[in-house]
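Heads up, the thing below is written out as structure tokens.
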Amino acid sequence: MVVDSKEETTQRMIEESIPGKTVTLAHVIASPIQDVYQALGIEEEGAIGILNVSPFETAMIAADTAAKAADVTVGFLDRFTGSVVISGDVQSVEVSLTEVLRVFRDVLGFEVVGVTKT
């Protein structure tokens with residue numbers, strides 16, 4: 001008697017974040033609901049801008065650039081995850097995010113995404 005034995009192999013995928021010079025998210029939330037502002041603990045100002053950068057420490061550069069580019073407030077900055085949240089009127093948030101992307105692309109040599117909006 002011959003027994004056909006087939007070994008099952010399991011493939012596992014391990015994902016890890018490898019810091020590169022990238023801006024992976026630049027998004028404007030125009031007229032967010034009040035719950036979003038409350039969850040973030042920031043004042044209602046008309047729009048919220050969200051950035052995610054890598055290496056994570058460059059979040060400080062992104063926040064500084066955004067605040068200097070237009071009349072926005074830095075609502076959140078996390079140098080351990082690369083997240084930055086800004087708020088202001090819709091046009092100011094868009095201008096700030098656009099300038100951050102320009103500086104990161106043209107001055108710092110980062111790969112950047114385009115600004116998206118909801």
Side-chain angles (χ1 to χ4, degrees):
M1 181 169 133
V2 177
V3 177
D4 186 16
S5 67
K6 294 182 181 179
E7 287 185 32
E8 285 188 38
T9 55
T10 303
Q11 288 187 331
R12 294 191 175 130
M13 183 180 300
I14 299 172
E15 292 184 37
E16 60 182 276
S17 177
I18 300 172
K21 293 171 63 173
T22 58
V23 178
T24 58
L25 178 67
H27 187 77
V28 178
I29 302 174
S31 301
I33 61 172
Q34 186 178 19
D35 289 350
V36 175
Y37 284 110
Q38 288 176 343
L40 291 170
I42 61 176
E43 296 293 319
E44 292 184 42
E45 295 191 53
I48 294 173
I50 307 164
L51 285 161
N52 189 265
V53 297
S54 176
F56 304 142
E57 297 82 2
T58 58
M60 294 174 279
I61 299 169
D64 183 64
T65 302
K68 289 176 178 174
D71 187 21
V72 297
T73 302
V74 177
F76 179 76
L77 163 66
D78 189 344
R79 63 187 175 95
F80 298 108
T81 64
S83 298
V84 178
V85 175
I86 60 173
S87 61
D89 64 76
V90 176
Q91 183 177 6
S92 295
V93 170
E94 287 184 51
V95 166
S96 288
L97 294 182
T98 301
E99 179 63 5
V100 169
L101 295 178
R102 185 196 69 75
V103 168
F104 273 62
R105 182 188 61 238
D106 297 346
V107 177
L108 300 174
F110 277 50
E111 293 292 321
V112 301
V113 297
V115 175
T116 55
K117 182 178 174 183
T118 54

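As the structure is a computational prediction, the values presented were derived from the model and not from experiment.
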Given 3.5 Å as the limit, does a donor-acceptor pair link the side chain of [X] with the main chain of [Y], or not?
{"X": "Ser54", "Y": "Gly20", "answer": "yes"}
{"X": "Thr65", "Y": "Ala62", "answer": "no"}
{"X": "Lys21", "Y": "Leu108", "answer": "yes"}

Quick one: do Glu94 and Val90 satisfy side chain to side chain contact (heavy atoms under 4.5 Å, CB included)? Show the steps, please. CA-CA 6 Å; Glu94 287 184 51; Val90 176; 3.1 Å; yes
Find the distance between [atom1] ([X]) and [atom2] ([Y]) and round it off to the nearest 0.5 Å.
{"X": "Phe104", "Y": "Thr22", "atom1": "CZ", "atom2": "OG1", "value": "10.0 Å"}
{"X": "Arg79", "Y": "Ile61", "atom1": "CZ", "atom2": "CD1", "value": "13.0 Å"}
{"X": "Ile48", "Y": "Leu40", "atom1": "CD1", "atom2": "CG", "value": "5.0 Å"}

Answer whether the closest heavy-atom distance between the side chains of Thr73 and Ile42 falls below 4.5 Å. no
Is any side-chain heavy atom of Phe76 closer than 4.5 Å to a side-chain heavy atom of Ser87? no
Would a hydrophobic clustering, with Ile, Leu, Val, Met, Phe, Trp and Tyr connected at side-chain separations under 4.5 Å, put [X] with [Y]?
{"X": "Val84", "Y": "Val107", "value": "yes"}
{"X": "Val53", "Y": "Ile50", "value": "no"}
{"X": "Val103", "Y": "Val72", "value": "yes"}
{"X": "Ile29", "Y": "Ile86", "value": "no"}
{"X": "Leu97", "Y": "Val23", "value": "yes"}

Where Val115 and Thr98 come nearest, the two heavy atoms and their spacing: CG2-OG1, 4.0 Å
Could you pull out the closest heavy-atom pair between Ala47 and Val28, with the gap in Å? CB-CG1, 4.4 Å
